[in-house]
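Single-structure report; data block below.
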Amino acid sequence: MSGEVKNQERLSGVLLHVTSLPSYGGIGDFGPAAYAFIDFLAAAKQRMWQVLPLSPTGYGSSPYSALSAFAGNPLLISLETLVGDGWLAGERIAGLPGHDGPADFEAAFRLKLPLIEEAAGNFLDHAPDDKRAKFNRFCEHNSSWLQDYAMFNVLRRMHDYASWHEWPAEYARREGDALGKLLSDRGRELAIEQVVQFFFNEQWCALRGYCAARKIRIMGDVAIFVNYDSADVWTHPEMFELDEDLRPVRVSGVPPDYFSVTGQRWGNPLYKWGLLKERGFDWWVARIRRSLTLYDVIRLDHFRGFEAFWSIPADEETAINGQWIKAPGHELFQRLKEVFGELPFVAEDLGLITPEVDELREHFGMPGMRILQFGFSDRGAHLYLPHRYVPNTVVYTGTHDNNTTLGWWRDNVSDVERTNAQTYLQKINHDEDIVWAMIRAAARSVANLCVFPLQDVLHLGSEARMNTPSAGAGNWSWRYGSNAVHPDFASQLAELMVMTDRDGWEKPTEGGEAGKPVEEASKRAELGANV
């Protein structure tokens with residue numbers, strides 16, 4: 001993102017998680033629906049696709065509760081593509097849940113995942129030499145995490161998906177004899193897990209290359225903390241604040257100004273930042289390196305935690321009794337800059353933001369975020385409105401944690417917000433008018449990047465909300481209908497992009513270079529296909 005900031009390039013994008021695509025099999029994936037969506041983005045002159053984390057998910061199917069910070073979610077693999085590649089017979093995927101309706105994670109886990117594993121077994125048995133060599137290269141390039149993740153997944157199945165700290169001690173503590181026996185006794189299962197990750201990587205890189213050929217970048221999420229029940233904590237317990245029984249001593253949490261009653265979003269074990277610093281932040285370097293094979297731009301979720309985080313004793317029942325702990329954000333990002341050069345990061349700087357957090361973000365040139373829905377309550381909220389923006393900003397009408405704009409207008413705004421929004425935007429005679437008014441306000445702003453959730457582009461209400469924080473059920477399952485993305489939406493967005501200089505227009509080449517082919521798209525596609 002830093003390159004766009006320096007060049008003052010204006011662009012626009014759409015927020016849509018992969019699971020929300022109307023793919024065959026009951027859950028969005030990397031198959032034909034994804035390519036059709038990219039075609040829609042190109043027609044709408046959108047040059048960014050933002051996705052949520054692509055990690056394998058645990059309980060609740062939240063992409064922010066990952067079983068690994070490095071692995072990909074197997075359920076995003078397209079069965080149709082596996083059939084096309086020859087790893088499954090077409091009749092094997094008949095009768096699965098269809099393209100429409102909410103994502104059914106349970107059915108996908110029960111019906112789709114075994115077919116993906118069957119395809120992986122076929123690959124092991126029948127892959128030609130060139131494909132096997134490519135798989136071996138993938139395993140070599142990802143050796144720092146791949147085998148540990150495969151063991152973690154096999155052990156989870158062996159122990160009925162219990163959290164790793166509930167496994168027999170020889171497995172929970174990664175004793176050498178036990179892991180050696182696992183490698184010898186379960187070798188084929190472990191190899192299948194690695195092939196599944198290879199399938200994920202191949203399909204995603206092909207999709208990323210398709211985006212690159214259309215000059216569409218991909219922005220993905222990286223959360224600061226990792227889930228306790230994850231391959232990361234199991235593999236590297238020494239990096240986290242765990243007691244002698246391998247349970248968290250302290251956990252990260254929501255600061256007390258957000259506390260209401262109980263049940264706040266907290267529970268991830270804390271890093272031993274001092275140890276990470278001593279090691280040159282090698283784990284974070286590896287994590288960002290892996291992320292850069294998946295995304296062009298990385299959104300850092302809960303960015304404030306890189307400057308200071310709210311630490312709660314693990315035995316506390318609420319998030320009240322904690323304390324702020326300083327984090328080595330400057331040292332971490334300086335190390336990442338030494339390794340990767342300009343940092344392609346966007347900082348999710350919402351909520352309680354101190355001058356120190358702003359200084360950290362600005363020091364490394366990271367754009368911050370502004371949410372239009374937050375801007376209408378009182379004068380203090382005006383920093384979320386366009387007249388307060390600077391170019392180094394990413395503006396959203398709303399995010400995956402907000403209601404859709406139409407749902408917000410119908411179901412959530414106060415009388416004060418309703419009046420203020422109409423004063424600032426325009427008179428809203430029909431509820432649907434608020435959607436395009438907000439989209440126009442974001443596009444016309446000086447923010448270099450504006451992002452619209454697809455639900456807003458489609459003018460959908462509360463029924464299409466992706467996530468309600470702290471809600472126990474019903475999250476993450478929204479999918480758009482097979483025929484919902486009408487060409488008229490693309491035309492309307494494209495016209496707005498032209499008028500707000502977000503369409504990527506370039507002055508026609510003159511002189512001796514006129515008429516020669518432009519190689520940039522093909523180079524981007526080649527790079528995307530070979531990461």
Side-chain angles (χ1 to χ4, degrees), residues 53 55-60 62 64-71 143-186 189-190 193 222-254 263-279 281-287 290 302 305 309-319 321-323 325 327-328:
S55 311
T57 59
Y59 177 76
S62 168
Y64 294 93
S65 181
L67 298 174
S68 168
F70 293 83
S143 59
S144 64
W145 63 269
L146 183 58
Q147 187 177 71
D148 287 309
Y149 172 74
M151 289 192 291
F152 177 81
N153 239 17
V154 169
L155 286 167
R156 284 185 82 236
R157 282 199 301 270
M158 287 172 55
H159 298 99
D160 296 322
Y161 300 97
S163 179
W164 63 266
H165 75 274
E166 298 176 0
W167 300 346
E170 63 268 25
Y171 292 125
R173 296 184 178 276
R174 295 174 56 88
E175 295 178 2
D177 290 346
L179 295 189
K181 190 172 187 304
L182 180 73
L183 289 170
S184 61
D185 292 351
R186 304 272 182 159
E189 290 179 62
L190 293 167
E193 290 292 338
V222 168
I224 176 174
F225 294 108
V226 298
N227 201 28
Y228 173 59
D229 185 22
S230 68
D232 311 294
V233 180
W234 177 68
T235 303
H236 299 289
E238 77 284 357
M239 294 193 332
F240 300 90
E241 294 195 17
L242 308 181
D243 63 20
E244 61 184 14
D245 296 321
L246 300 177
R247 295 178 180 271
V249 175
R250 297 185 299 167
V251 294
S252 62
V254 173
Q264 300 298 303
R265 193 167 93 179
W266 60 277
N268 299 324
L270 299 182
Y271 299 109
K272 291 181 178 177
W273 281 114
L275 177 62
L276 289 176
K277 185 177 177 180
E278 288 176 13
R279 294 181 174 181
F281 299 105
D282 54 356
W283 185 86
W284 269 100
V285 169
R287 188 177 183 189
R290 170 61 174 161
H302 285 93
F309 54 89
W310 187 245
S311 169
I312 309 158
D315 57 0
E316 285 288 333
E317 294 183 359
T318 74
N321 297 317
Q323 59 180 326
I325 303 294

Legend entry - I325 to S311 - nearest heavy-atom pair and separation: CG1-CB, 3.5 Å
Inset, instruction - Find the distance between CG (D148) and CG (D232) and round it off to the nearest 0.5 Å. - result: 9.5 Å
Legend entry - Spatial distance of atom CG (L179) from atom NZ (K181) [nearest 0.5 Å]: 12.0 Å
Legend entry - F281 side chain reached by P328 side chain, heavy atoms, under 4.5 Å: yes
Legend entry - D177 CG: over 12 foreign heavy atoms closer than 6.0 Å: no
Inset, instruction - Determine the interplanar angle of the Y271 and W283 rings, folded into 0 to 90°, and report it as parallel if under 30°, tilted if 30 to 60°, perpendicular if over 60°. - result: tilted
Legend entry - L67 side chain near T57 side chain, heavy-atom distance below 4.5 Å: no
Inset, instruction - Taking all heavy atoms of L246 and all of A172, pick out the closest pair and write down the distance. - result: CD1-O, 3.8 Å
Legend entry - Under 3.5 Å: donor-acceptor pair, side chain of R290, backbone of F70: yes
Legend entry - Non-hydrogen side-chain atoms of R174 and T235 separated by less than 4.5 Å: yes
Inset, instruction - Decide if atom CG of D243 counts as having more than 12 heavy atoms of other residues, nucleotides or ligands within a radius under 6.0 Å. - result: yes
Inset, instruction - Side-chain contact test, heavy atoms from C-beta onward, threshold under 4.5 Å: evaluate it for N321 versus I312 and give yes or no. - result: no
Legend entry - Test of ring centre spacing under 6.0 Å for Y228 and W164: yes
Legend entry - Any donor-acceptor pair under 3.5 Å from W145 side chain to A71 backbone: no
Inset, instruction - Of all the heavy-atom pairs spanning P269 and V233, show the shortest one and how long it is. - result: CG-CG2, 4.0 Å
Inset, instruction - Check step by step if side-chain contact (heavy atoms from CB on, under 4.5 Å) holds for E238 and L275. - result: CA-CA 9 Å; E238 77 284 357; L275 177 62; 4.2 Å; yes
Please list, one pair per line, the donor and acceptor atoms closer than 3.5 Å that link side chains of residues 152-159 to other protein atoms, with sequence neighbours excluded.
| unit_1 | atom_1 | unit_2 | atom_2 | d |
| --- | --- | --- | --- | --- |
| N153 | ND2 | Y149 | OH | 3.2 |
| N153 | ND2 | E193 | OE1 | 3.0 |
| R157 | NH1 | E193 | OE2 | 2.6 |
| R157 | NH2 | E193 | OE2 | 3.2 |
| H159 | ND1 | L155 | O | 2.9 |

Inset, instruction - For Q147, look at atom CD and say whether over 12 heavy atoms of other residues, nucleotides or ligands are found less than 6.0 Å away. - result: no
Inset, instruction - Quick one: do M151 and L190 satisfy side-chain contact (heavy atoms from CB on, under 4.5 Å)? Show the steps, please. - result: CA-CA 6 Å; M151 289 192 291; L190 293 167; 3.8 Å; yes
Inset, instruction - State, yes or no, whether a side-chain contact exists between L270 and F225 at a heavy-atom distance under 4.5 Å. - result: yes
Legend entry - Over all atoms of both residues, closest heavy-atom pair of A69 and R287: CB-NE, 3.5 Å
Legend entry - Side chain proximity check, N268 to N227, heavy atoms < 4.5 angstrom: yes
Inset, instruction - Determine whether R279 and M239 make a side-chain contact, defined as any pair of heavy atoms from C-beta on separated by less than 4.5 Å. - result: yes
Inset, instruction - Give, for atom CD of E166 and atom CG of D160, the distance between the pair rounded to the nearest 0.5 Å. - result: 11.0 Å
Inset, instruction - Would you name the heavy atoms of E244 and R173 that are closest together and state the gap between them? - result: O-NH2, 2.7 Å
Inset, instruction - Taking the side chain as every heavy atom from C-beta outward, state whether S68 and P56 have any pair of such atoms under 4.5 Å apart. - result: yes
Legend entry - Residue pair I224 / H302: nearest heavy atoms and the distance that separates them: CG2-O, 3.8 Å
Legend entry - For S62, side chain to side chain contact (heavy atoms under 4.5 Å, CB included) partners two or more places apart: Y64, S65, W476
